[in-house]
Enquirer: 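After the structure tokens below, expect a handful of questions from me.
Count residues from 1 along the sequence.
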Amino acid sequence: MATLKSTEYTTATAGTGVKNAPTTWSGVTYRHANFTGVVTTSDVVHVMTIPSGVRILPQSFVIISDLEASATVDVGYKAHTTQSTGAAVAVDDDAFCSVIAADSARTVSHFHESTTHDSGYVTTGEMILTFSMPAGSAVLADTFDFHIMYADPN
């Protein structure tokens with residue numbers, strides 16, 4: 001019987017000092033934000049500011065109430081600049097969740113749904129988390145409930 005190693009265990013035991021992502025950081029911050037109201041396809045909602053240098057964990061999630069039948073939601077971030085170099089980071093309106101079909105009574109989508117940031121997303125500058133609706137619209141009492149967790153390396 002062969003003894004096999006995962007990629008992460010191979011990295012951890014290679015003796016190179018390289019760590020797997022995500023590594024253990026100092027702690028996890030939990031933040032909550034809520035938006036209730038009307039959103040149309042031309043709107044972008046600013047949810048919260050995320051500090052520079054933290055890892056947004058893929059366990060972060062959004063809960064969306066019953067939207068109209070054709071509505072979808074994207075979760076991403078506004079354009080910003082990197083803290084270290086001042087370089088521009090382009091807007092990415094679906095960095096975390098893309099085209100969430102949110103027409104059921106309660107839709108829960110984690111930030112790994114887009115498969116872009118399975119080990120989390122490390123912010124290089126202070127950024128604003130956003131959501132938008134590429135299709136459909138929200139009616140008056142629709143609720144978007146964000147539960148964001150991020151780790152700080154310090």
Side-chain angles (χ1 to χ4, degrees), residues 4-65 67 71-102 106-136 138 142-154:
L4 306 174
K5 296 180 180 180
S6 71
T7 303
E8 291 72 24
Y9 189 72
T10 299
T11 301
T13 58
T16 61
V18 176
K19 293 184 178 181
N20 295 301
T23 59
T24 302
W25 288 12
S26 67
V28 173
T29 299
Y30 165 78
R31 305 228 355 244
H32 175 260
N34 181 280
F35 176 85
T36 301
V38 176
V39 182
T40 65
T41 56
S42 61
D43 298 329
V44 174
V45 178
H46 294 188
V47 178
M48 68 176 68
T49 301
I50 306 287
S52 179
V54 300
R55 181 182 299 274
I56 300 173
L57 301 176
Q59 293 85 353
S60 298
F61 62 96
V62 58
I63 303 170
I64 305 167
S65 70
L67 303 179
T72 62
V73 176
D74 290 343
V75 179
Y77 53 78
K78 185 179 172 190
H80 55 282
T81 56
T82 61
Q83 184 176 2
S84 60
T85 66
V89 178
V91 63
D92 190 344
D93 37 348
D94 62 354
F96 303 109
C97 298
S98 180
V99 193
I100 301 169
R106 177 181 163 99
T107 301
V108 180
S109 294
H110 287 83
F111 277 28
H112 61 78
E113 299 288 331
S114 72
T115 69
T116 305
H117 308 293
D118 284 340
S119 62
Y121 175 84
V122 178
T123 60
T124 57
E126 182 178 270
M127 67 175 217
I128 297 173
L129 185 71
T130 64
F131 80 86
S132 57
M133 296 182 64
D142 287 328
T143 301
F144 302 82
D145 197 22
F146 288 83
H147 300 268
I148 308 303
M149 291 160 269
Y150 55 83
D152 190 333
N154 300 315

Enquirer: Hey, could you give me the CG/OH distance between L129 and Y77, rounded to the nearest 0.5 Å?
Expert: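 One gets 11.0 Å once the value is rounded to the nearest 0.5 Å.
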Enquirer: C97 vs F111, test: side-chain contact (heavy atoms from CB on, under 4.5 Å). Steps then yes/no.
Expert: CA-CA 6 Å; C97 298; F111 277 28; 4.0 Å; yes
Enquirer: For A71 versus L67, what's the shortest heavy-atom pair and its separation?
Expert: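 Closest approach of A71 to L67, heavy atoms only: CB-CB, 3.6 Å.
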Enquirer: Taking the six-membered ring where the residue is Trp, are the ring centres of F146 and F131 under 6.0 Å apart?
Expert: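 Ring centres of F131 and F146 closer than 6.0 Å.
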Enquirer: From M127 CE over to T82 OG1, what is the distance, rounded to the nearest 0.5 angstrom?
Expert: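 Reported to 0.5 Å precision, the distance equals 13.5 Å.
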Enquirer: Tell me which one of D145, D142, T107 satisfies side chain to side chain donor-acceptor pair (under 3.5 Å) with S65.
Expert: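 With S65 as partner, side chain to side chain donor-acceptor pair (under 3.5 Å) holds for just one option, D142.
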Enquirer: In Å, rounded to the nearest 0.5 Å, how long is the span from CD1 of I56 to OH of Y150?
Expert: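 It comes to 9.0 Å.
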Enquirer: Enumerate, atom names and distances included, each donor-acceptor pair closer than 3.5 Å involving a side-chain atom of residues 41-51, sequence neighbours excluded.
Expert:
residue: S42; atom: OG; partner: T40; partner atom: OG1; Å: 3.4
residue: D43; atom: OD2; partner: T40; partner atom: N; Å: 2.8
residue: D43; atom: OD2; partner: T40; partner atom: OG1; Å: 3.1

Enquirer: On a heavy-atom basis, which atom in D93 and which in S132 lie closest, and how many Å separate them?
Expert: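 In this case the closest contact between D93 and S132 is CB-OG, 4.1 Å.
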Enquirer: Do D74 side-chain atoms and V99 backbone N/O form a donor-acceptor pair below 3.5 Å?
Expert: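 Checked: pair present.
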Enquirer: Determine, step by step, whether T124 and V89 satisfy the side-chain contact (heavy atoms from CB on, under 4.5 Å) criterion, reporting the C-alpha distance in whole Å, the side-chain angles of both residues, the deciding distance to 0.1 Å, and the verdict.
Expert: CA-CA 9 Å; T124 57; V89 178; 4.0 Å; yes
Enquirer: Would you say T36 and T143 are linked by a side-chain donor-acceptor pair, where the criterion is simply a distance under 3.5 Å?
Expert: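 Judged by distance alone, the side chains do pair up.
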Enquirer: Say you draw a straight line from CZ of F96 to NE2 of H110; how long is it, rounded to the nearest 0.5 Å?
Expert: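 It is 14.5 Å, given to the nearest 0.5 Å.
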Enquirer: Output the distance between atom OG (S52) and atom CD (E126), rounded to the nearest 0.5 Å.
Expert: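 Taking OG in S52 and CD in E126, the distance rounds to 8.0 Å.
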Enquirer: Taking the side chain from H80 and the backbone from K78, do they hold a donor-acceptor pair closer than 3.5 Å?
Expert: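 Indeed, once roles are kept as given, a pair shorter than 3.5 Å links the two residues.
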